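No experiment lies behind these values; they were computed from the predicted model shown. Just follow the structure's listing: the first ligand is 1, and inside any ligand the first atom is 1.
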Amino acid sequence: MKNLLVMKFGGTSMGSAERMRVAAALITREKKPVAVVVSAMSKVTDLLLDTLHRAELGDRAGVTANIQKLRARHTETIHELGLQTEAANAVEALVTEFERISKGVLMLGERPPRSVDEAIAIGEKLSSEILAHYIRQQGRPAQAVSGSDVIVTDAVFGNASPLMEPTRARCAERLLPLLEQDIIPIVTGFNGATSDGRPTTLGRGGSDFSASILAAALDAEELWIWTDVDGIMTADPRLVPDVAVLDEVTYAEAAELAYNGAKILHPRTLAPLVEKQIPVWSKNSFAPEKPGTKIVTHFDEPKGARAVTSMSNVALISMEPANAVLSGTRLMARALDALALANVEILVFTSSSYRQSFCFLIRKHDVNAAVEALELNLSLELSHGYLKPLEVDENVGLLAVVGEGMRGTPGLAGRVFTAISREQVNIIAIAQGSSELTIGIVVRLDHLDKAVRAVHQECELGKLASAALSEP
Ligand code: ASP
Ligand code: MG
């Protein structure tokens, strides 16, 4: 749809009556048609998941207390917004629905993935109902829409992927008529459904992804993602004092930053937009007058290193053949295959050719599954001593320097390594793909923060953006 803006509001931007008022104002001030995607109010998804977990363990009192909290948070919000019975009824119906599923889990003593997805989507349903009621109270037509009515996905519960063709058809059917009548759709982020109607979710933080799926399906002009920071920064401001807000980054840079731990966007957000080249803005709903960061398809002039990120919840697994009997390449293939089957995502993979030892970095919460899968798959080699025991090192962190313009910039990697070693930080593993978009460096965990500061300073990232971060 021509002129259409898709706006997504994250959990903090929906976190209270006050924040919802601001969101409503940001939506209704636009002259262009707007389709809205919302997250659950901040911390609500955690609360829902915790409730289901307690239900599985049979903790009835905990379940009741959590549901009371859920009810109170949303009821208070509607009162503060001055909303009437109709909104209260909508909230009560959703809380009751969640209660029904939780009781089912209590009774079963287990959490079927499909019921979990149905239950945790209720956080977004609550926030979208409240916002839609509030916008109507302000005199503008708005309607809450469930993501399950417009986003068609595969059946991977908890981490589903969209099927774009049927999604496009559903959007044309459900959302376009609303937009054409000047009714603002307030769509729940995070959830979808299979083509035969089974509820799914898109993974934690998936509302960004919902918004980009809808922007692509509706041929939006732009996607605006409202969060609680000024835009995409050159580093985590809690680690580095002089971070800058980047005025522009490319899709590829933003995706690399997200995959390497920057909490800016759900990592899969940009994929649906590539084909249509829809620009994305990351903006601060707490400071809407600031420009934010524009995510664009490409730069005419490459811009060197752009940002440095880090991840601390990771572990390094190293493998080494005990002798040359085993083909190192075949061993790698089997290790990768085992990890893929166990659904373990590899963040960094490096090998040295001589002894064919290799290592890979994974998320800490995947360590048990990874070790189990590897030991099972390679049990013969391990028990006969062809392969040395796996080494798991959890005392590591990953630093990543990202920037499209690093490609073909001689000396940049050298400067990064020198800056890190100047701080007496030992580099454990290095990974740089031939796209030269990202340099990944594994260091000791307790050296991670100072390595990030050293790289940020060496690459002069603080001077990058015109709009340095100003205090509110
Ligand atoms: N509410 C969901 C979560 O907390 C999705 C989102 O906020 O993007 O993961
Ligand atoms: Mg979020």
Check your understanding: Is it true that atom CD of Glu180 has more than 12 heavy atoms of other residues, nucleotides or ligands lying nearer than 6.0 Å?
Key -> yes

Point to revise | ligand 1 versus His266: contacting region, heavy-atom distance under 4.0 Å | key: neither

Exercise for review: Would you mind listing which atoms of ligand 1 come within a distance below 4.0 Å of any non-hydrogen atom of Ser39?
Suggested key: 6 (C), 7 (O), 8 (O)

Check your understanding: Are any of the heavy atoms in Gly189 under 4.0 Å away from ligand 1?
Key -> no

Review point. Atom CD1 in Ile232, atom CZ in Arg306: separation rounded to 0.5 Å?
Key: 9.5 Å

Review point. Any donor and acceptor pair, going by atom type alone, linking the side chain of Glu124 with main-chain N or O of Ala40 inside 3.5 Å?
Key: yes

**Study point:** Salt-bridge present (Glu80, Arg21; N to O < 4.0 Å)
**Key:** no

Check your understanding: If you count the atoms of ligand 1 from 1 in the order shown, which ones are under 4.0 Å from a heavy atom of Arg204?
Key -> 3 (C), 4 (O), 9 (O)

**Study point:** Enumerated ligand 1 atoms positioned under 4.0 Å from heavy atoms of Thr45
**Key:** 1 (N), 2 (C), 3 (C), 4 (O)

Practice item. Name all residues meeting the side chain to side chain contact (heavy atoms under 4.5 Å, CB included) criterion together with Glu372; count only those two or more places apart in sequence or in a different chain, and write none if there are none. Key: none

Review point. Considering distance alone, does some N or O of Gly203 sit under 3.5 Å from an N or O of ligand 1?
Key: no

Review point. Is Arg204 salt-bridged to Asp46, going by a charged N under 4.0 Å from an acidic O?
Key: yes

Practice item. Answer yes or no: does an N/O atom from Ser207 fall short of 3.5 Å to an N/O atom of ligand 1? Key: yes

Review point. Should Gly206 be listed as contacting ligand 1, given a heavy-atom distance under 4.0 Å as the test?
Key: yes

